[in-house]
Amino acid sequence: MNVLIVHAHHEPQSFNAAMKDLALAELRAQGHAVELSDLYDMGWNPVASGADFGARANPDYLVYALEQRENYKRRTLAPDIQAELDKLLRADFIIFNFPVYWFSMPAIMKGWIDRVLISGVCYGGMRFYDQGGLAGKKAMLAITIGGRPHMLVDGGIHGDLNDMLRPILRGTLAYTGMAVLPPFVAHHVPYIGQDERVSILEQYRMHLRSIDTLKPMQFASMAQFDDKLYPLTDGSHI
Ligand SMILES: Cc1cc2nc3c(=O)[nH]c(=O)nc-3n(C[C@H](O)[C@H](O)[C@H](O)COP(=O)(O)OP(=O)(O)OC[C@H]3O[C@@H](n4cnc5c(N)ncnc54)[C@H](O)[C@@H]3O)c2cc1C
């Protein structure tokens with residue numbers, strides 16, 4: 001399959017970068033075609049603005065999603081967006097590799113999402129969740145995080161990790177139609193011993209060897225809602 005790794009860490013010697021390097025090597029060894037978007041290395045511009053569009057449908061008032069749709073059709077998206085969109089559309093499996101910043105992703109990666117996951121292609125109209133434009137693709141987060149496992153569960157000080165990551169897991173990946181595999185999480189990596197870190201990298205290798213058997217997380221299906229998006233049942237299934 002075609003794999004895209006979107007990586008956001010400013011330090012090439014970081015543990016997070018070691019996870020990215022391991023995934024590149026392991027997935028290539030498995031016979032997959034792997035592309036990389038190393039956002040800091042590329043000097044990725046994360047700011048969504050009018051400069052993203054070569055030909056404005058409305059030069060007087062910027063409606064970003066509308067211009068995404070129009071400029072995609074006219075092939076006048078900024079070249080950096082078009083290049084990343086082409087990589088995204090080629091990919092069957094996308095890994096987002098990043099350190100957790102403020103319960104979320106680094107701004108540079110958020111800016112990749114904002115600018116590349118364009119309206120009219122990745123979502124739009126009633127095309128979201130299992131009807132999203134990226135249906136058929138798989139996505140997975142590969143993250144490092146300062147906290148320890150017991151801090152990131154229901155009842156723990158920060159609550160459940162998947163609740164923390166909900167804007168990404170649900171609001172971005174599932175929303176655009178991708179099957180979301182459970183995240184791979186490297187906890188507390190700056191504070192543990194070298195042996196433990198080596199062992200986490202080995203666990204990641206095993207995780208990458210089980211991609212085909214990992215069960216995607218469950219999210220809403222459009223069939224559970226009517227044409228005005230009122231739930232057809234009591235909503236307890238979502
Ligand atoms: C702005 C900001 C916000 C943050 N918000 C949060 C938050 O909300 N919640 C939270 O829990 N944490 C948070 N953090 C902490 C952050 O998530 C962690 O510091 C980060 O994920 C650690 O990963 P790293 O790759 O940067 O570690 P690094 O410090 O780069 O690496 C850890 C250690 O691993 C070593 N290493 C590198 N490569 C290898 C290898 N191949 N094998 C073995 N060891 C290796 C390195 O030398 C280093 O000693 C935040 C940090 C910042 C800067």
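We count ligands from 1, going down the list as the structure has it; atoms in each ligand are counted the same way. Nothing fancy with the numbering, it's 1 onward along the sequence. Quick note: numbers below take in every heavy atom, side chains included, and nothing from hydrogens, waters or symmetry partners. Fair warning: this is a prediction, and the values are worked out from it, not measured in the lab.
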>> Ring centroids only, cut at 6.0 angstrom: are Tyr175 and Tyr123 within range, meaning strictly under it?
In response: yes
>> Does atom CZ (Phe15) have a neighbourhood of more than 12 heavy atoms from anything else shown, all under 6.0 Å?
In response: yes
> Between the side chain of His9 and the main-chain N/O of Phe98, is any donor-acceptor distance below 3.5 Å?
Replying inline: no
> Quick check: are there more than 12 heavy atoms from other residues, nucleotides or ligands sitting under 6.0 Å from CD of Gln13?
Replying inline: no
> In ligand 1, which numbered atoms sit nearer than 4.0 Å to a non-hydrogen atom of Trp102?
Replying inline: 1 (C), 3 (C), 4 (C), 5 (N), 6 (C), 7 (C), 8 (O)
> For atom 24 (P) of ligand 1, which of Met151, His187, His9 has the closest heavy atom?
Replying inline: His9
> With a cut-off of 4.0 Å, which atoms of ligand 1 are near a heavy atom of Gln194?
Replying inline: 42 (N), 43 (C), 44 (N)
>> Taking atom CZ as the centre, does Arg90 end up with more than 12 heavy-atom neighbours from other residues, nucleotides or ligands that are less than 6.0 angstrom away?
In response: yes
>> Is there a continuous path of hydrophobic side-chain contacts, each under 4.5 Å between heavy atoms, that joins Ile145 to Val180?
In response: yes
> Which atoms of ligand 1 have any heavy atom of Gln13 under 4.0 Å away?
Replying inline: 37 (C), 38 (N)
> Looking only at heavy atoms, is any part of Leu201 under 4.0 Å from ligand 1, and if so is it the side chain, the backbone, or both, or is it neither?
Replying inline: side chain
> For ligand 1, which atoms have a heavy atom of Asn16 less than 4.0 angstrom away?
Replying inline: 25 (O)
>> For atom 21 (O) of ligand 1, what is the closest protein heavy atom, and at what distance to 0.1 Å?
In response: Thr144 OG1, 2.7 Å
>> Suppose we measure from atom 12 (N) of ligand 1 to each protein heavy atom; which comes out shortest, and what is that distance?
In response: Gly146 N, 3.2 Å
> Do Lys20 side-chain atoms and Val6 backbone N/O form a donor-acceptor pair below 3.5 Å?
Replying inline: no
> Where is the nearest protein heavy atom to atom 53 (C) of ligand 1: which residue, which atom, and how far?
Replying inline: Tyr101 CE1, 3.6 Å
> Does a side-chain heavy-atom distance below 4.5 Å link Arg115 with Tyr64?
Replying inline: yes
>> Using a 4.0 Å cut-off to any heavy atom of Ala18, which atoms of ligand 1 qualify?
In response: 38 (N), 41 (N)
> Asn71 side chain to Glu67 main-chain N or O, any donor-acceptor pair under 3.5 Å?
Replying inline: yes
> Would you say Pro99 has any N or O atom under 3.5 Å from an N or O of ligand 1, going by distance alone?
Replying inline: no
> Does the N or O separation between Val189 and ligand 1 drop below 3.5 Å for any pair?
Replying inline: no
> Hey, does Pro190 come in under 3.5 Å of ligand 1, counting only N/O atoms on both sides?
Replying inline: no
> Which protein non-hydrogen atom lies closest to atom 8 (O) of ligand 1, naming both residue and atom, and how far is it?
Replying inline: Phe103 N, 2.9 Å
> What residue and atom, counting heavy atoms only, is the protein's closest point to atom 45 (C) of ligand 1, and at what distance?
Replying inline: Phe15 CD1, 3.7 Å
>> Looking only at protein heavy atoms, which one is nearest to atom 44 (N) of ligand 1, and what is the separation?
In response: Arg197 NE, 3.2 Å
> ligand 1 versus His158, non-hydrogen atoms closer than 4.0 Å: side chain, backbone, both, neither?
Replying inline: neither
> Are any of the side-chain heavy atoms of Phe96 and Ile168 separated by less than 4.5 Å?
Replying inline: no
>> Considering non-hydrogen atoms of the protein only, which is the closest contact for atom 14 (N) of ligand 1, and what is the distance?
In response: Val100 O, 3.3 Å
>> Any atom of ligand 1 sitting under 4.0 Å from a heavy atom of Glu11?
In response: no
>> For residues Met42 and Ile94: do they belong to one hydrophobic cluster (side chain heavy atoms under 4.5 Å, members Ile, Leu, Val, Met, Phe, Trp, Tyr)?
In response: yes
>> Under 4.0 Å between a side-chain nitrogen and a carboxylate oxygen: does that hold for Asp114 and Lys110?
In response: yes
>> I'd like the name of whichever of Ala186, Gly193, Gly147 reaches closest to atom 11 (O) of ligand 1 through any heavy atom.
In response: Gly147
